[in-house]
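Down below is the structure, laid out as structure tokens.
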Protein chains: 2
Amino acid sequence: MNNKSSSYHHGDLRQKLIEQATLVIESNGVDALSMRKLGEVIGVSRSALYHHFDNKQNLLAAIAESGFATWQAITQTFLNEDSLSEHDKLTKYVKGYLEFARQHKATYELMFGNIIWQNELDTESLKNTAYDTFHQYLNLIKHWQDTATISSSQNSLRLAQVSWSTLHGMAKLYNDGIYVNDTNLEELSQSIVQLLQTKN
Amino acid sequence: MNNKSSSYHHGDLRQKLIEQATLVIESNGVDALSMRKLGEVIGVSRSALYHHFDNKQNLLAAIAESGFATWQAITQTFLNEDSLSEHDKLTKYVKGYLEFARQHKATYELMFGNIIWQNELDTESLKNTAYDTFHQYLNLIKHWQDTATISSSQNSLRLAQVSWSTLHGMAKLYNDGIYVNDTNLEELSQSIVQLLQTKN
DNA sequence: TTTTATAACTTGACAGTGTCAACATAGCAT
DNA sequence: ATGCTATGTTGACACTGTCAAGTTATAAAA
């Protein structure tokens, strides 16, 4: 009775699934994630997962959402540090973005990948979270333009879109194995900041 | 001796497979491609494909390689037009890149995706082709810096990496469904060009 | 021309996948 | 105690990529 009751109802299975799935994809890639194996590792039958996620894609979406939360927490940490200059915050944002993408390759892939964005899923809250992240970035761009930290010769929205594209593109090119030399990331961060600072 | 043109039951199956597979992925996405169905549609057994490609990934790599060839041909067309100014060529390159990515979503995804770049496959020639493409872009950046078409305040290699990241990131964000408004692409192209032109 | 070697192709099989229907149980609220 | 619901299980289905073993068509060699 003791062992049976303790092993039947898992209690926090949903959270455990997200955590274990994240572990798997970060060490072996998104494609290596199997619903059946995931249940096996946790010690639960293959169908149990479907009481917590309608399908595999929704599990992946949950991982992505927790990824956005992590990134939001990271940025809040240094954006609230009063001792940092605006320029330092900009540099930290750029470097931090690329580091986050590198340290959570698979999660980052999910956050901005077609698996989540091209299909109609239960991703309403995820899409809102993602939009919040971009909206916060747009506000930062505006603020840095106001404080003359970066060039204000361009429309804020477009500059935000273009510069975020740069961050995303570099993260992808690195993560997907096209930019292989990791010591470059520091230099490339500097280049991005420099490009944003140039005026005309 | 010319082996590939020699006709058997099917003539040039290898080429047909690439063409049909491209059709499938461009209309239904890379994930929708099934080796078995592909053979079925062409009228050949499931195992026939493996006499032309060691595995599915190598078929995808072949599609990617033909994608690089297409892109190379497109750029050559307008880069050789003497009537165009350097500034026009730059604009055409940026707009053309984003349009190419949009018109060949799935092929573009393969060209720069982890499927090809993260595994060790028969991709030596593919990787060389890809490297040639980037090398040509780097030379263009140098040339445009020499002709004062764009800013020369940054190291050429780094500027090439950063600006290519911008192109790639924007293409990905658009293709993966995060940037949904297609009328933006024209404006965003202008923004990229403008950013490259600014001097300090 | 006949033989032979080889490239192209087929069938059968295996291990794996996501997901659903049907059933079973645990634990809580009534 | 009774019933409800969340949570779990097993069996099954229709897929998937890929390989081993066998077959045939065609080009080269005899």
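Chain A is the first sequence line, chain B the second, and so forth, proteins listed ahead of strands; every chain is numbered from 1. Since this is a predicted model, take the numbers as computed values, not measurements.
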Whole Å only: how far is the [atom1] atom of [X] from the [atom2] atom of [N]?
X: L49(B); N: dT16(D); atom1: CG; atom2: P; value: 12 Å
X: E40(B); N: dT10(C); atom1: CD; atom2: P; value: 12 Å
X: D31(B); N: dG17(D); atom1: CG; atom2: P; value: 11 Å
X: N58(B); N: dC19(D); atom1: CG; atom2: P; value: 11 Å
X: H51(B); N: dT18(D); atom1: NE2; atom2: P; value: 14 Å
X: D54(A); N: dT19(C); atom1: CG; atom2: C1'; value: 11 Å
X: I42(B); N: dC9(C); atom1: CD1; atom2: C1'; value: 14 Å
X: L59(B); N: dT18(D); atom1: CG; atom2: P; value: 10 Å

Nearest-nucleotide pick for [X], side chain only, options being [options]:
X: S47(A); options: dT9(D), dC9(C), dT10(C); answer: dT9(D)
X: Y50(B); options: dT19(C), dC9(C), dG17(D); answer: dG17(D)
X: H52(A); options: dT11(C), dT7(D), dT10(D); answer: dT7(D)

For side chain to side chain donor-acceptor pair (under 3.5 Å), just list the numbers for Y108(B) and Y97(B), CA-CA rounded to whole Å, side-chain angles, deciding distance to a tenth of an Å, and then say yes or no. CA-CA 10 Å; Y108(B) 184 85; Y97(B) 190 100; 2.7 Å; yes
> Would you say L159(A) and S191(B) make side-chain contact, with heavy atoms under 4.5 Å?
Replying inline: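 L159(A) vs S191(B): side chains apart.
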Checklist entry - Do M170(B) and I192(B) come within less than 4.5 Å of each other through their side chains, counting heavy atoms only? => result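 Yes. Closest side-chain heavy atoms under 4.5 Å.
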What is the minimum heavy-atom distance between K127(B) and I116(B), and which atoms define it?
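Heavy-atom minimum between the residues: CE-O, 4.4 Å.
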Detail all sub-3.5 Å separations between protein N/O atoms and N/O atoms belonging to nucleotides 13-17 of chain C.
| residue | atom | partner | partner atom | Å |
| --- | --- | --- | --- | --- |
| dT17(C) | OP1 | S34(A) | OG | 3.0 |

- prompt: Does the distance from a Lys or Arg side-chain N to an Asp or Glu carboxylate O, for K95(A) and E186(A), drop under 4.0 Å?
  reply: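 Salt bridge: yes.
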(Q) Can you list everything that forms a side chain to side chain contact (heavy atoms under 4.5 Å, CB included) with Y50(B)? Sequence neighbours excluded, please. (A)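 Side chain to side chain contact (heavy atoms under 4.5 Å, CB included) list for Y50(B), sorted by chain: M35(B).
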Where does the angle between the aromatic ring planes of Y93(A) and F78(A) fall among parallel (under 30°), tilted (30 to 60°) and perpendicular (over 60°)?
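The arrangement is perpendicular - the two ring planes meet at more than 60°.
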